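Remarks on the structure that follows.
Worth saying up front: this structure is predicted, and the values here are computed from it rather than measured.
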Amino acid sequence: MNTSIVWFRKDLRLKDNPALFHSARSGPILPVYIWDETLPEQEEGASRWWLHESLLSLARSLSSTGSPLVFARGSTKEVLVHFAKRSNAQKIVWNELTEPWAKTFDLSLKKELLSTGLKVETYPPDLLSDPESMMGKNGPYRVFGQFWKRLRPALDPSAPFPAPERIFPPEFSVISEYLPEWGWNPSRPDWAKEMREKWIPGEEQAHMTLNTFLDERLQSYEKNRDRLDHEGYSMLSPFLHAGEITSRQIVRATLDKMHEHPGWQNDGEKFLSELGWREFSRYLLIHFPKMISEPFQPKFSSFPWKDNPEALLAWKSGKTGYPVIDATMRQLWAIGYIPNRSRMISASFLTKDLLISWKEGARWFRETLVDHDLANNTVSWQWVSGMGVDAAPYFRIYNPVLQGERYDPEGIAIRKWIPEIKGLPNQWIHRPWEAPEPLLKRAGIILGKTYPAPIVDHSYARQEALALFGALGGKGQKPELMA
DNA sequence: AATCACGTTGCTCCT
DNA sequence: CAGGAGCAACGTGAT
């Protein structure tokens, strides 16, 4: 029999999985997941919790096909070779990743496997375009608009691969580790409690989420995606990160839906362009891997970031005294997810108001987001801090009060996540420090005690940021505002 | 070849 | 109150 090992990575699904689809046709399959601690950029924190749940879900699906998922820890190469011997498999099959480190890793792994006499078959990662052929006149695109102008008209993915009709187990089975023993499901302390209530990771739920979104929310996506008071966005990002669904599947379904409902054109285009940003982020990391650790615009590499542990802690724990920031950061900690608008506001606050490095922010998001994704996180943090692509102007500094009032006018998100100020009327809910004393008293609020006073004055912090950024980004002739 | 318009998501101040 | 200038200046692709 022609047995294959299918090595699962960030592709925890049965549908639209080229490695699985093709190998299932050629013979029995041993599905394997390996936790290799020597690899860089592995999931941690909230996204590891998601990964844990997602793997359980995949394991259930595969068990029902008759060929259970096998878990192992250790060196990828050694595990694969060992399992191949035990199961009498001749071939290792996988889908590639887009992370910059993976290309070299896969290449040397492939060489090593071939040298032991095994066959290797790899399939492209979940991308909408070929990064090598997407080129402008002077090399890779650095502006989203140009990138998208080129890619958008070419978007027409063919129907995704179906799940394999049948998966046969290998003739000789192997011994699997027991996933719950890996300790990825937190208990003491159990910081994932609210995540368990909020999310159901897994391929089935990914498609239910997509369908609900397309049926109920796509038609008002452009208007509602930025709202903080209700969920007008797709919530697909964690499923995408684990590979429970592919961007190709989402694009295909969205295009079909837009065709069905011509009136949803603008909303559909907006949504597609968000997937475009996901694609662009991957594209950028492939061509400019240095931006994982360095500003895309080198002129900012000497920016005088502040080392301010107290302010950083206040930001992380939702105690800055700015309700929209605090609600955002508490939501992030509780359910591992905040919408795009919240990410921008809180990222702007950290980098422009507190003048703390985007890398600190990116590190925190990496630990706390269930959808944490190296490319999206890196590119977006740099964009907000004004050091990334698209000549995003550094003077675009978000005002946390105005943003709150605009996108959560009735303070619904504020009252949900900051109950200690829920008694404030809407007029003051985003600026408690300006509320008249009697009102504060009636609402049971003592600023600085029951809820923090603002840790910085936004308009002052803004002036300081403009001066510091201007000194590097501009002509260097800005007047000094700081004594 | 040189020039030009334009660029995901803002804010403040001035008239 | 609305509306507009200003905040800087570079890659991209069209002319």
Pick base, sugar-phosphate or nothing for [X], based on heavy-atom distances below 4.0 Å to the nucleic acid.
X: A:E274; result: base
X: A:N138; result: sugar-phosphate
X: A:P339; result: nothing

Establish, for the pair [X] and [Y], whether the NZ or CZ atom is under 6.0 angstrom from the six-membered ring centre and no further than 45 degrees off its axis.
X: A:K352; Y: A:F469; answer: yes
X: A:R343; Y: A:Y337; answer: yes
X: A:R9; Y: A:W7; answer: yes

Within the structure, does a side-chain N or O atom of [X] lie under 4.0 Å from either OP1 or OP2 of [N]?
X: A:R227; N: B:dT9; value: no
X: A:R396; N: B:dT9; value: yes
X: A:Y394; N: B:dG10; value: no
X: A:N399; N: B:dT12; value: yes

Where the side chain of [X] is concerned, which of [options] is the nearest nucleotide?
X: A:H458; options: C:dT12, B:dT12, C:dA8; answer: B:dT12
X: A:Q146; options: C:dG13, B:dG10, B:dT12; answer: C:dG13
X: A:R142; options: C:dA8, B:dG7, C:dG11; answer: C:dG11
X: A:W383; options: B:dT9, C:dA8, B:dC11; answer: B:dT9
X: A:V143; options: B:dT9, C:dT12, B:dT12; answer: C:dT12

Distance, rounded to the nearest Å, where [X] contributes [atom1] and [N] contributes [atom2]:
X: A:I345; N: B:dG10; atom1: CD1; atom2: P; value: 10 Å
X: A:F300; N: C:dC10; atom1: CZ; atom2: P; value: 11 Å
X: A:L466; N: C:dA9; atom1: CG; atom2: P; value: 14 Å
X: A:K137; N: C:dA14; atom1: NZ; atom2: C1'; value: 8 Å
X: A:R406; N: B:dT12; atom1: CZ; atom2: C1'; value: 12 Å
X: A:F147; N: C:dG11; atom1: CZ; atom2: P; value: 19 Å
X: A:R278; N: B:dT9; atom1: CZ; atom2: C1'; value: 20 Å
X: A:K299; N: C:dG11; atom1: NZ; atom2: C1'; value: 11 Å

Under 6.0 Å between the ring centres of [X] and [Y]?
X: A:F8; Y: A:Y33; value: no
X: A:H372; Y: A:F365; value: no
X: A:Y398; Y: A:F349; value: no
X: A:W381; Y: A:W358; value: no

Base B:dT9 paired with A:R341 side chain (donor-acceptor, <3.5 Å):
yes
[atom1]-based separation of [M] from [N] [nearest Å]:
N: C:dG13; M: B:dT9; atom1: C1'; value: 24 Å
N: B:dA5; M: C:dA5; atom1: P; value: 15 Å
N: C:dC10; M: B:dT12; atom1: C1'; value: 25 Å
N: C:dA9; M: B:dG10; atom1: P; value: 22 Å

Per the 3.5 Å Watson-Crick/G-U criterion and a run length of at least three, the stems involving DNA chain B are B:2-7 with C:10-15, B:10-15 with C:2-7
Sorted by chain and residue number, the side chain to side chain contact (heavy atoms under 4.5 Å, CB included) partners of A:N308 (sequence neighbours excluded) come out as A:E310, A:A311, A:I356
Tell me if a side-chain donor or acceptor on A:T254 pairs with a main-chain N or O of A:I250 at a distance below 3.5 Å.
yes
